[in-house]
Number of protein chains: 2
Amino acid sequence: MLGSVRTYGQYCAMARGLDLVGDRWTLLIVRELISLGPSRYADLQRGLPGIATNLLANRLRELEHAGLVARTELPRPANATVFALTERGAALEGIVREFVKWGAPLMATHAPDDTFRPHWLLVPLRGLCHDATPGAPAQVVRVGTAADGCDIAADAGTVSVAPSSPSTTPDATVDGDPDALVALFTGRLPIAAADAAGMITGDVEAVRRVVGGTPASLGAQGSA
Amino acid sequence: MLGSVRTYGQYCAMARGLDLVGDRWTLLIVRELISLGPSRYADLQRGLPGIATNLLANRLRELEHAGLVARTELPRPANATVFALTERGAALEGIVREFVKWGAPLMATHAPDDTFRPHWLLVPLRGLCHDATPGAPAQVVRVGTAADGCDIAADAGTVSVAPSSPSTTPDATVDGDPDALVALFTGRLPIAAADAAGMITGDVEAVRRVVGGTPASLGAQGSA
DNA sequence: CAGCATCCTGTTCGATACTG
DNA sequence: CAGTATCGAACAGGATGCTG
């Protein structure tokens, strides 16, 4: 009845890590909890197209048992169950970040039937954005929508990327085709071209301020 | 007949990475190829206790197809097939390293029936060792044995950790119980105590030279 | 012997239907 | 909304047999 008692049985840090988060879907659930913050069951399902509902329930139970996810019952009037990463669970972001870096070259092509959610860009954007105008007042660029996206906040030379919040009014909003979004933030699509294509609403200069990171953060590694 | 056409179908760098290396055993095979260097089939099997032989063959074929592993036929007299990481495959070390860092706290306890191979320490040791005596002549400390272990080479302030080579004569050799080895290199077991327990052969000062890294590399993160 | 392929069994996964 | 129940298909694990 309980899942994954299956273990590699190795006294090895990596094998023991994989015993906890190596099952199918598990690291994507962690990605969701990182990218969305504390989430309800149905929101997790929306960010994990194709997952079986029983599998999501199993994984959440296993993650909870492993001390990586905490389940909280919100009081009235919300009256909902909320899943959030514990501190130890949030420490998985390093693994997620390395996966994103390694997988970056795989984003060059876009299969039309692949699903896409703008909030999936949160971890990648953390490595891809900078503040090119440290002296300017604080600005926020939204990627995607208020319901599903990321808010890139630039202030005093540093950027922070958070799940988009309906209570924030961004200075600019960027949206469009998945591959165009990726191309824009990896530098393959010029900002002017994105603007001409109608991808940018609001202050184009705010977009110019945050787009573009260090070459290393683009995950430029051989081909595949 | 061909494995894993199963894909997450997401336009997401992490999901696409997991499509390639997210299957069971795959990242442990990568760990083996990193820790052993180019290897023969039987050597991989020895480092992956419990893997089904057909599964290893399948995974190697998938990795080859993904461009992460290259298969080479050695000419006579060796006449063997050798599997090695490609450049793109070797780039997975960042993911392996993050897994090791995150999994480090899980090594605190040691189940007696867990298997252990000294060469599994190679990636962890890369984050755990330093050269405390940059001025001293080059020295090599072996962990494990010539047949299965790592050689830690300290020279001019930097250390490099490689699979143990029979053609190298180390200045000191460290071996012993798996948990004692881990405790030694994570600083929980004093070098003097390891020496008193008979874990060290040769020049104890060479061991003292390389053992101990930055606090950050110990992977100190919450509990679990 | 190294490097698999085949066969078989048990577990996990995926899709859908259903429930408090 | 947050799951549980069910069932066929795919996959993992173990033993064994084949082939140069």
Side-chain angles (χ1 to χ4, degrees), chain A residues 1-10 15 18-19 21-29 32-33 36 38-65 69-84 115, chain B residues 1-10 15 18-19 21-29 32-33 36 38-65 69-84 115:
Chain A
M1 179 168 263
L2 238 164
S4 185
V5 274
R6 194 201 258 165
T7 171
Y8 287 110
Q10 298 183 0
L18 287 170
D19 280 342
V21 298
D23 279 344
R24 193 165 165 73
W25 287 108
T26 302
L27 277 175
L28 291 184
I29 294 172
E32 285 306 298
L33 290 170
L36 295 175
S39 309
R40 296 192 301 184
Y41 192 88
D43 293 325
L44 291 174
Q45 267 187 315
R46 254 183 294 281
L48 298 163
I51 196 173
T53 172
N54 57 358
L55 197 48
L56 177 55
N58 278 343
R59 292 290 184 269
L60 286 171
R61 213 176 306 126
E62 293 163 12
L63 285 168
E64 193 184 356
H65 196 252
V69 161
R71 175 191 311 247
T72 315
E73 306 283 342
L74 288 190
R76 289 186 315 102
N79 214 319
T81 310
V82 166
F83 300 89
T115 58
Chain B
M1 177 169 265
L2 236 164
S4 187
V5 274
R6 194 200 258 165
T7 171
Y8 288 110
Q10 298 183 1
L18 287 170
D19 280 341
V21 299
D23 278 345
R24 191 165 166 76
W25 288 108
T26 302
L27 276 176
L28 292 184
I29 294 173
E32 285 305 298
L33 290 170
L36 295 175
S39 310
R40 296 191 300 185
Y41 193 88
D43 293 324
L44 291 174
Q45 267 188 314
R46 254 184 294 281
L48 299 163
I51 195 173
T53 171
N54 55 0
L55 197 47
L56 177 55
N58 278 343
R59 291 289 184 269
L60 286 171
R61 213 177 307 124
E62 292 163 12
L63 286 168
E64 195 185 354
H65 196 78
V69 160
R71 173 189 314 246
T72 315
E73 307 283 341
L74 288 191
R76 287 185 318 102
N79 214 318
T81 311
V82 166
F83 301 90
T115 58

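So you know, we letter chains A, B, ... as the sequences are listed, proteins then strands, and number each from 1.
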- Taking atom P of D/dG3 as reference, at what distance in whole Å does atom CD of A/E62 sit? 14 Å
- May I ask you to test the A/L56-A/W25 pair for a side-chain heavy-atom distance under 4.5 Å? no
- Less than 4.0 Å between a side-chain N and a carboxylate O, is that true for A/R59 and A/E62? yes
- Within the structure, does a side-chain N or O atom of A/R59 lie under 4.0 Å from either OP1 or OP2 of C/dT12? no
- Note on the structure: To the nearest angstrom, the CG-P distance between B/L74 and C/dC1 comes to 20 Å
- For the residue pair A/T7 and B/R24, what are the closest heavy atoms and their distance? O-NH2, 4.0 Å
- For atom CG of A/N58 and atom P of C/dA15, their distance in whole Å: 16 Å
- Atom OH of B/Y8 and atom C1' of C/dC13 are separated, to the nearest Å, by 11 Å
- Between A/W25 and C/dG14, does any side-chain N or O lie under 4.0 Å from OP1 or OP2? yes
- Item | Full working for side-chain contact (heavy atoms from CB on, under 4.5 Å) between B/V82 and B/R71 | CA-CA 6 Å; B/V82 166; B/R71 173 189 314 246; over 6 Å; no
- Query: So do the side chains of A/L28 and A/I51 get within less than 4.5 Å of each other, counting heavy atoms only?
  - Reply: no
- Query: Can you tell me how far P of C/dG3 sits from CG of B/L60, to the nearest Å?
  - Reply: 10 Å
- Task: Let me know the distance between CZ of B/R71 and P of C/dG3, rounded to the nearest Å.
- Result: 10 Å
- Note on the structure: So the stems of DNA chain C, runs of at least three Watson-Crick or G-U pairs (under 3.5 Å), are C:1-19 with D:2-20
- Task: Enter the distance from B/L55:CG to B/I29:CD1 here, rounded to the nearest 0.5 Å.
- Result: 7.0 Å
- Would you kindly give the CZ-to-C1' distance between A/F83 and D/dC1, to the nearest whole Å? 11 Å
- What closest approach, in Å, do B/P49 and A/Q10 show between heavy atoms, and which atom pair accounts for it? CD-NE2, 3.6 Å
- Nearest-neighbour nucleotide for the B/R6 side chain, D/dG3, C/dA2, D/dC11 considered: D/dC11
- Do the rings of B/Y41 and B/F83 sit parallel, tilted or perpendicular, given the 30° and 60° boundaries? tilted
- Task: Calculate the interatomic distance between A/L28 atom CG and C/dG14 atom P; express it in whole Å.
- Result: 11 Å
- Item | Approximate separation, where rounding is to 0.5 Å, of B/T115 OG1 and A/Y8 OH | 12.5 Å
- Respond yes when some side-chain nitrogen or oxygen of B/R61 is under 4.0 Å from OP1 or OP2 of C/dC4, and no when none is. no
- Identify, residue by residue, the members of residues 43-54 of chain A with a heavy atom below 4.0 Å from DNA chain C, and return them in order of residue number, or none. A/G50, A/A52, A/T53, A/N54
